[in-house]
Amino acid sequence: MYNVENKKPYVATYKEIVIGFVTFALILIVLYPKDLLKQQVLSEKANYDLSMLYLKNMLKNDPDNEELMFNLAKQSLRGNKRDLAYRLLMLLKSSKNKEMQKKAYTLSYKIAKEDYYYLLKDKKYAEAKKLLKEMRELNRFIILHHFYSQTDLEQLYNESLFLQDKKSAYYLVQKLLLQNPKTEYLQTAYYLANELHHYDAALNYLDMLIQKDSQHKRKWQEAKYYILYHYKSPQLAQAFLEQEAQHSSYWSEKLSKFYLGNKRYKEAADNYMKLFSKSSSYKQRLHYWMQALKSLQAGNLLKEASRLAAKYQKKFIGNKKARIYLLKLYLAANDLKRANQLAKDILKLKQREK
């Protein structure tokens with residue numbers, strides 16, 4: 001028979017258990033981030049909650065591993081683990097390292113934009129709308145915290161336009177104008193300033209556009225006049241019109257309409273007659289003369305209108321429209337003598353035409 005030795009089973013003390021656990025934990029801390037973390041968090045069966053808990057603790061003890069986490073976030077995208085990428089970047093957004101924060105927010109925006117297009121493609125419009133709001137918040141955070149360089153300005157500006165974030169786009173286009181005051185930026189700056197009710201700034205951009213964009217000068221002048229009239233004061237609008245009227249019949253006629261709109265009928269008529277005297281075209285002179293008469297009539301200045309009508313009656317009696325208008329004007333002014341004379345002149349004219 002075999003001689004069997006009886007031995008008591010060995011039981012470890014509490015001290016030995018603690019030492020063993022600490023040793024094992026140290027091995028994990030040293031080795032796990034280097035070799036196993038990547039495999040664990042990227043594996044199909046990874047427990048995201050436990051992985052994130054581990055990563056949070058790891059960051060407290062070893063903040064240098066933020067770069068590893070960022071690389072893992074990028075790798076998880078390539079492995080089509082977008083949810084994990086979001087979780088990793090969420091941690092990195094609160095990093096004390098501003099450069100890492102910048103990288104995390106920039107990549108988060110890129111992921112969100114890709115997902116936004118996927119949602120649109122799948123016709124998930126409600127989800128896409130919600131994500132678009134999140135993208136605006138990310139974009140604003142990047143701008144607010146200056147997570148960009150000068151070379152990024154234009155791209156960030158275009159993203160703000162894409163997001164229809166007017167305040168951010170306006171802030172950025174002002175910076176772009178300092179680099180390059182090109183017409184495209186000036187136009188956008190004007191439109192955004194106007195929409196955001198920054199009218200003084202809008203007028204400033206319009207002045208630059210009037211000087212720079214000669215092809216569309218009239219368009220920008222019209223915009224300037226609109227802002228002056230509707231959002232500044234009638235006095236400033238009048239001053240603008242009077243200045244432009246010195247060099248342009250178009251703006252001079254606008255000035256007459258301004259006077260009419262403000263019930264300054266005599267000034268409107270006088271200004272139309274200035275245009276009349278400067279014009280050499282029969283058609284234009286007829287137009288300005290009749291507008292002057294109508295201005296006086298609108299102000300119930302019928303005697304003045306009758307006198308002005310009689311002064312140029314012979315020049316325009318050949319125009320049927322003018323004859324009818326004059327006859328009605330004389331009758332309205334109770335100027336029967338001139339009405340009677342006009343009737344005789346019309347009769348003579350018709351007899352000559354026969």
Side-chain angles (χ1 to χ4, degrees), residues 38 41-49 51-52 55-56 59 66-95 97-177 179 182 184-185 187-196:
K38 179 179 173 181
V41 298
L42 291 179
S43 68
E44 291 295 335
K45 298 180 180 179
N47 185 316
Y48 288 165
D49 292 331
S51 297
M52 293 303 293
L55 289 169
K56 286 179 181 179
L59 281 175
E66 286 183 340
E67 193 63 43
L68 170 62
M69 289 179 63
F70 183 73
N71 289 330
L72 287 173
K74 291 194 293 185
Q75 284 184 326
S76 65
L77 286 175
R78 288 193 288 269
N80 202 29
K81 293 180 174 60
R82 306 180 80 79
D83 183 60
L84 176 58
Y86 269 122
R87 288 171 176 245
L88 290 166
L89 291 171
M90 193 179 301
L91 286 176
L92 293 172
K93 284 178 191 175
S94 58
S95 170
N97 184 322
K98 292 296 181 184
E99 186 60 30
M100 181 54 69
Q101 266 195 314
K102 173 184 175 181
K103 290 164 71 173
Y105 272 93
T106 303
L107 184 57
S108 294
Y109 180 83
K110 181 182 177 182
I111 298 170
K113 190 173 183 180
E114 289 175 358
D115 288 348
Y116 172 75
Y117 282 118
Y118 288 137
L119 290 171
L120 288 181
K121 187 177 179 182
D122 294 338
K123 298 182 179 180
K124 297 179 180 179
Y125 300 121
E127 293 177 46
K129 185 178 180 181
K130 182 179 177 182
L131 186 55
L132 192 66
K133 183 180 179 181
E134 293 177 16
M135 289 164 64
R136 287 195 191 101
E137 292 172 359
L138 284 170
N139 190 60
R140 286 171 186 167
F141 193 94
I142 290 169
I143 295 168
L144 181 64
H145 291 80
H146 299 279
F147 288 163
Y148 59 88
S149 64
Q150 289 297 103
T151 55
D152 298 326
L153 273 176
E154 186 162 12
Q155 182 181 350
L156 204 55
Y157 159 71
N158 288 328
E159 290 300 326
S160 298
L161 290 177
F162 163 73
L163 295 169
Q164 297 181 338
D165 186 350
K166 295 176 183 177
K167 288 185 178 179
S168 296
Y170 181 56
Y171 172 79
L172 293 167
V173 78
Q174 290 177 86
K175 289 186 172 295
L176 286 168
L177 279 169
Q179 294 180 356
K182 64 180 183 179
E184 179 188 340
Y185 292 153
Q187 288 180 22
T188 305
Y190 152 64
Y191 286 124
L192 290 172
N194 189 45
E195 289 182 39
L196 295 169

Original post:
About how many Å separate CG of Asp165 and CD of Glu137, when rounded to the nearest 0.5 Å?
Top reply: 10.5 Å

**OP:** Using the six-membered ring wherever Trp is involved, compare the ring planes of Phe141 and His145 and label them parallel, tilted or perpendicular (cut-offs 30° and 60°).
**Re:** parallel

Subject >> Verdict with reasoning, Leu138 to Lys93, per side-chain contact (heavy atoms from CB on, under 4.5 Å) >> reply: CA-CA 11 Å; Leu138 284 170; Lys93 284 178 191 175; 3.8 Å; yes

**OP:** For side-chain contact (heavy atoms from CB on, under 4.5 Å), just list the numbers for Tyr157 and Glu159, CA-CA rounded to whole Å, side-chain angles, deciding distance to a tenth of an Å, and then say yes or no.
**Re:** CA-CA 5 Å; Tyr157 159 71; Glu159 290 300 326; over 6 Å; no

Original post:
So, Tyr171 and Ser160: side-chain donor and acceptor under 3.5 Å apart, yes or no?
Top reply: no

Subject >> Atom pair CG (Leu88) and OG (Ser108), whose distance is rounded to the nearest 0.5 Å >> reply: 10.0 Å

Subject >> Which atom of Ala85 lies closest to which atom of Ile111, heavy atoms considered >> reply: CB-CD1, 4.2 Å

Subject >> Step-by-step side-chain contact (heavy atoms from CB on, under 4.5 Å) determination, Lys103 to Leu92 >> reply: CA-CA 9 Å; Lys103 290 164 71 173; Leu92 293 172; over 6 Å; no

**OP:** Please confirm whether Lys113 makes a cation-pi placement over Phe162, using NZ or CZ under 6.0 Å from the six-membered ring centre and within 45° of the ring normal.
**Re:** yes

Subject >> Parallel, tilted or perpendicular: ring planes of Phe147 versus Tyr105, cut at 30 and 60 degrees >> reply: tilted

Subject >> Gln179 side-chain N/O to Lys175 backbone N/O, donor-acceptor pair under 3.5 Å >> reply: no

Original post:
Taking atom CG of Asn158 and atom CG of Leu163, what is their separation to the nearest 0.5 Å?
Top reply: 11.0 Å

Original post:
Judged by atom type as modelled, is there a donor-acceptor pair below 3.5 Å linking the side chain of Asp152 to the main-chain atoms of Ser149?
Top reply: yes

**OP:** Please name the pair of heavy atoms, one in Val173 and one in Tyr185, separated by the smallest distance, quoted to 0.1 Å.
**Re:** CG2-O, 3.6 Å

Subject >> Which atom of Ser94 lies closest to which atom of Gln101, heavy atoms considered >> reply: CA-NE2, 4.2 Å

**OP:** Only counting residues at least two apart or in another chain, list the ones meeting salt bridge (Lys or Arg N to Asp or Glu O under 4.0 Å) with Lys182.
**Re:** Glu184

Subject >> From CE (Met69) to CE (Met100), nearest 0.5 Å >> reply: 9.0 Å

Subject >> Nearest-0.5 Å distance that lies between atom OH in Tyr86 and atom CG in Leu107 >> reply: 9.5 Å

**OP:** Under the salt bridge (Lys or Arg N to Asp or Glu O under 4.0 Å) rule, collect the residues that match up with Lys166, sequence neighbours excluded.
**Re:** Glu195

Original post:
Does any pair with a residue in residues 117-136 pass side chain to side chain donor-acceptor pair (under 3.5 Å), and if so which ones, sequence neighbours excluded?
Top reply: none

Original post:
Does Asn139 use its side chain to pair, donor to acceptor, with the backbone of Met135 at less than 3.5 Å?
Top reply: no

Original post:
To the nearest 0.5 Å, what is the distance between CG (Leu156) and CG (Leu161)?
Top reply: 10.5 Å

**OP:** Determine the minimum heavy-atom distance between Leu131 and Tyr116, stating which atoms define it.
**Re:** CD2-N, 3.4 Å

